[in-house]
2 protein chains.
Amino acid sequence: MSTQSFAYAQVREVLTKQITELQLTGSLPSERELCATFDIARSTLRQALGQLENMGLIYRKNRSGWYVCPRKLKYDPMQHASFLQYTTAQGFQPSTVLLEQKKQKPCKEIATALELDGRASLTSILRVRSVDGRAVVVEDLNFSNKHLPDIDKHDLSLSISMLLKNTYQHHKVLYDISVESCCLFNPIAQHLDTYDGALGLKVTRIVRDQQGTAFEFDREFWRHDALMIENKAKLQF
Amino acid sequence: MSTQSFAYAQVREVLTKQITELQLTGSLPSERELCATFDIARSTLRQALGQLENMGLIYRKNRSGWYVCPRKLKYDPMQHASFLQYTTAQGFQPSTVLLEQKKQKPCKEIATALELDGRASLTSILRVRSVDGRAVVVEDLNFSNKHLPDIDKHDLSLSISMLLKNTYQHHKVLYDISVESCCLFNPIAQHLDTYDGALGLKVTRIVRDQQGTAFEFDREFWRHDALMIENKAKLQF
DNA sequence: CAGTGGTCTAGACCACACC
DNA sequence: GTGTGGTCTAGACCACTGT
């Protein structure tokens, strides 16, 4: 059962054991070195490495080498914890870089979600967030100017959850969240220090006020190997 | 921006447009045919196909060909809807096959989660669930016999949520759920009609009664292209 | 049986990272 | 400048699907 007949599967299993049993945290030997070790062609080796990558065990830095993945960040979309809160609570060093801020008209998807017409005004920001110096998510946040007057006058590089709470008195909110696997393409892939076509997780969020009026539409593009959705809930049959 | 310099990216974009714009639902031409069409080597073509697969646009049936993915199933771990309920509500035809049922001792992961010692007794079942004839998830369910006496005496090929409700009066439950991307290996991959190493989503669930005592530990291995997590919640700042 | 995807080889050249 | 991964070629043989 544990012995596989194919070369890539054997290499995958050997490397898996080395990584998990030795709890490695550094980098792997070069591809050509591993080819020699296992006596296989480079494309076969890369098939094995690609699966370890999909397992979230290793990742590549562009043209630099393969590295063992750090532990995943746990993220509960139901808790209203800020990025700063839940990363530090798990022992990570978070940081955020604002890439872009602009006013624009909504695309069709956002117009539908926020029940706006195409001429409405949005304040949109794009930012990349890192833990321990590793970029893990690109966020595309879109706020309806109609529901949040003059939001573009504020400094959106600071905490936005604090801004909503203090300036706009949004003390209770409703969330519609979806999570699915996706591919990360340029330029998002570049912001995440990964390659065009890399695996990702896409989190989409519609935020509503206590009346149920949607005022914010977010898209989060996560490295697939950096994120674990976690969630505690009380239910009724 | 939309024109990419690499062959695989160009092929990926052309096929993406054909699939989404023509809203195709059938199969693709054979790999060798596509190689001739785009005048590229087969491994380059397969790089493009692999990315379309990661995007959830196409999938392969073993040695039969490439097919366009059907729409994704939406799944809300917070709603206590049964598989039957939420699949039919979305217009799918669900079916379930019980693969295995046995009594066993807990592994370390389960023992920790259910706060059992290694000699405790579990009733475990393995089943595969399909929508419209396509296998989408393998479920590994584990029930603590101590908390659910004689559960192994019941017919677990029927609705388990009904059994818990009617026989064990579990009207309220607490869930701990996690979702992360993973790789699907044999024999799970085989049950899902996919290949060893295919991309998946793993959903882990600890189920507790109203006192907070854990009595069930589940692992769900989903085809990554069959599932979208959806979730509506009311929060407080 | 013919055709399909699955595995694998042994090269090549390139852009970029790192020193 | 040297070494790295990224892209790409042109084959080969195999296991299996579908007829």
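Worth knowing before you read on, the calculation uses all heavy atoms, side chains too, and leaves out hydrogens, waters and symmetry mates. This structure is a prediction, so every number in the text was calculated from the model and none was measured. Letters A, B, ... mirror the listed sequences (proteins, then strands); counts begin at 1.
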Participant: With no angle test and no hydrogens, is the base of C:dG3 tied to the side chain of B:Arg63 by a donor-acceptor pair under 3.5 Å?
Facilitator: no

Participant: Aromatic rings A:Phe6 and A:Tyr8: how do their planes relate, parallel, tilted or perpendicular, breaks at 30° and 60°?
Facilitator: parallel

Participant: In this structure, how many angstroms lie between the P atom of D:dG3 and the CD atom of A:Glu33, rounded?
Facilitator: 12 Å

Participant: Could you go through A:Leu57 and A:Thr16, starting from their C-alpha distance and side-chain angles, then the distance that decides it, and tell me whether this counts as side chain to side chain contact (heavy atoms under 4.5 Å, CB included)?
Facilitator: CA-CA 8 Å; A:Leu57 281 181; A:Thr16 300; 3.9 Å; yes

Participant: To the nearest Å, give me how far apart CG (B:Leu45) and P (C:dT4) are.
Facilitator: 13 Å

Participant: Please state whether the base of C:dG11 and the side chain of A:Arg42 form at least one donor-acceptor pair under 3.5 Å?
Facilitator: no

Participant: Figure out the CG/P separation between B:Asp193 and D:dG18, and round it to whole Å.
Facilitator: 10 Å

Participant: Using whole Å, report how far CZ of B:Arg32 lies from P of D:dG11.
Facilitator: 13 Å

Participant: Under 4.0 angstrom, heavy atoms only, what part of the nucleic acid is B:Ser30 near: base, sugar-phosphate, or nothing?
Facilitator: sugar-phosphate

Participant: What's A:Ser43 touching, base or sugar-phosphate or nothing? Going by heavy atoms closer than 4.0 Å.
Facilitator: base

Participant: Expressed as a whole number of angstroms, how long is the span from A:Asn62:CG to C:dA15:P?
Facilitator: 13 Å

Participant: Nearest to the side chain of B:Trp66 - D:dG18, C:dG5, C:dA17?
Facilitator: C:dG5

Participant: Quick one: do the A:Tyr195 and A:Arg60 side chains pair a donor with an acceptor below 3.5 Å?
Facilitator: yes

Participant: Nearest-Å distance, CD (A:Gln10) to P (C:dT7)?
Facilitator: 13 Å

Participant: Return yes when atom CD of B:Gln18 has more than 12 non-hydrogen atoms of other residues, nucleotides or ligands closer than 6.0 Å, and no otherwise.
Facilitator: yes

Participant: For A:Arg60 and D:dG6, is the shortest distance between a side-chain N/O and OP1 or OP2 below 4.0 Å?
Facilitator: yes

Participant: Please tell me which of A:Tyr8 and A:Ser64 maps to the more 5' nucleotide of DNA chain C, matching each residue to the nucleotide holding its nearest heavy atom.
Facilitator: A:Tyr8

Participant: Take atom OH of B:Tyr67 and atom C1' of C:dT4, then tell me their distance rounded to the nearest Å.
Facilitator: 9 Å

Participant: Testing the 3.5 Å rule here: is there a donor-acceptor pair between the side chains of B:Thr96 and B:Arg127?
Facilitator: no

Participant: Report which part of the nucleic acid B:Tyr195 touches: base, sugar-phosphate, or nothing (heavy-atom distance under 4.0 Å, all strands).
Facilitator: nothing

Participant: What is the separation between atom CD1 on A:Ile40 and atom C1' on C:dT9, rounded to the nearest whole Å?
Facilitator: 11 Å

Participant: Respond yes when some side-chain nitrogen or oxygen of A:Thr44 is under 4.0 Å from OP1 or OP2 of C:dT9, and no when none is.
Facilitator: yes

Participant: Choosing from C:dG6, C:dC13, C:dA10, which nucleotide comes nearest the side chain of B:Arg46?
Facilitator: C:dG6

